[in-house]
Student: 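Once you've had a glance at the structure underneath, I'll fire off some questions.
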2 protein chains.
Amino acid sequence: MGFAETFKALSEPIRREILILLRQGSLSAGEIGSHFDLTGATISYHLSQLKKADLVLESRQKNYIYYELNTSVLEELMLWLSQFKEEER
Amino acid sequence: MGFAETFKALSEPIRREILILLRQGSLSAGEIGSHFDLTGATISYHLSQLKKADLVLESRQKNYIYYELNTSVLEELMLWLSQFKEEER
DNA sequence: ATAGTATTTAGATAATATTCGAAATAGAAT
DNA sequence: ATTCTATTTCGAATATTATCTAAATACTAT
């Protein structure tokens, strides 16, 4: 929903790293957090930004919350970018 | 230089619109500004952000400053995004 | 040299974003 | 029911961003 949110979400290095971690498969919030020197609260905030941008999906299992990539928005982004490709003009 | 700047630059609708305007060819700062209801100072600020992100190049002619697209960074961005394509994994 | 036009820079302000510690919620397990 | 673990939400502090007006710079043309 809107390139503004998507690009803003991707502008933070930590959030891009989270997405790269999730390429391997889904991870819980805690597992994601263990890769960074930030509090759980901060990780949770970044995950909420990624979720708001529709870049990740969450699913609850036991008392964990798992996050996984949602590649569809990234594909839309590539489509937007492709309008600038030399060939196209 | 650095995806952070690039994504941040692209997160503002006005800056994305400026890039789209520049698909047609180079424009002076004033011509760009005429498309928006913002002061020249603000346009100049946005152009400086795009320049900082290497998304545009500037060239001076007479007492105008012309801006043009620099597509190379956009291509790097597509490359970064392509790591998330389903096919690749 | 002076005046005019185009653009940027500086300084101020308001809005938004990032981070933390502490408290709250949700669910699991005893 | 109580406790434990995982995660989020709240409130506050700090930093960053977007915007404006006014002043400065750069170049042109008279």
Student: Of all nucleotides in DNA chain D that come within under 4.0 Å of a heavy atom of chain A, which is furthest toward the 5' end and which toward the 3' end?
Tutor: D/dT5 to D/dT9
Student: When you look at B/L69 and B/R23, which way does the side chain to side chain contact (heavy atoms under 4.5 Å, CB included) test go after all the steps?
Tutor: CA-CA 7 Å; B/L69 267 183; B/R23 282 204 310 163; 4.0 Å; yes
Student: Name the nucleic acid region contacted by B/I43, choosing base, sugar-phosphate or nothing; use a 4.0 angstrom heavy-atom cut-off, strictly under.
Tutor: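 No contact.
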Student: Just call it for B/A41: base, sugar-phosphate, or nothing, with non-hydrogen atoms closer than 4.0 Å on any strand.
Tutor: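 Touches a base.
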Student: Touch check for B/S48, heavy atoms < 4.0 angstrom, all strands: base, sugar-phosphate only, or nothing?
Tutor: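 No contact.
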Student: Report yes if some heavy atom in the side chain of B/K85 is under 4.5 Å from a heavy atom in the side chain of A/M78; otherwise report no.
Tutor: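 B/K85 vs A/M78: side chains touch.
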Student: I'd like to check the side chain to side chain contact (heavy atoms under 4.5 Å, CB included) partners of A/L57; sequence neighbours left out, ordered by chain and number.
Tutor: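 So A/L57 forms a side chain to side chain contact (heavy atoms under 4.5 Å, CB included) with A/E68, A/N70.
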Student: Give me the residues of residues 58-67 of chain B where at least one heavy atom lies under 4.0 Å from an atom of DNA chain C, by number, or none.
Tutor: B/N63, B/Y64, B/I65, B/Y67
Student: Can you tell me how far OG1 of A/T42 sits from CZ of A/F36, rounded to the nearest 0.5 angstrom?
Tutor: 12.0 Å
Student: Taking only residues two or more places apart in sequence or in another chain, which ones pass side chain to side chain contact (heavy atoms under 4.5 Å, CB included) with A/E58?
Tutor: A/K51, A/R60, A/I65, A/Y67
Student: To the nearest 0.5 Å, what is the distance between NZ on B/K52 and OG1 on B/T6?
Tutor: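 The NZ atom of B/K52 sits 10.5 Å away from the OG1 atom of B/T6.
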Student: Measuring from B/L77:CG to A/W80:CH2, what's the distance to the nearest 0.5 Å?
Tutor: 9.0 Å
Student: With the side chain counted from C-beta on, respond yes when B/L81 and A/L81 share a heavy-atom pair under 4.5 Å apart, and no when they do not.
Tutor: yes
Student: Which nucleotide span of DNA chain C, 5' end to 3' end, has atoms closer than 4.0 Å to non-hydrogen atoms of chain B?
Tutor: C/dT5 to C/dT9
Student: Looking at side-chain heavy atoms only, is the closest gap between B/L27 and B/I18 below 4.5 Å?
Tutor: no
Student: Classify the nucleic acid contact of B/G40 as base, sugar-phosphate or nothing, counting any heavy atom under 4.0 Å across all strands shown.
Tutor: base
Student: A/K51 or B/Y45: which one's nearest nucleotide on DNA chain D is closer to the 5' end?
Tutor: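 This one resolves to A/K51.
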Student: To the nearest 0.5 Å, what is the distance between CD on A/E31 and OG on A/S28?
Tutor: 3.5 Å
Student: Taking side chain to side chain donor-acceptor pair (under 3.5 Å) as the cut-off, I'd like each qualifying pair that reaches into residues 8-17 of chain A, sequence neighbours left out, listed once.
Tutor: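 Applying side chain to side chain donor-acceptor pair (under 3.5 Å) to every pair that reaches into residues 8-17 of chain A, excluding sequence neighbours, yields A/R15-A/H46.
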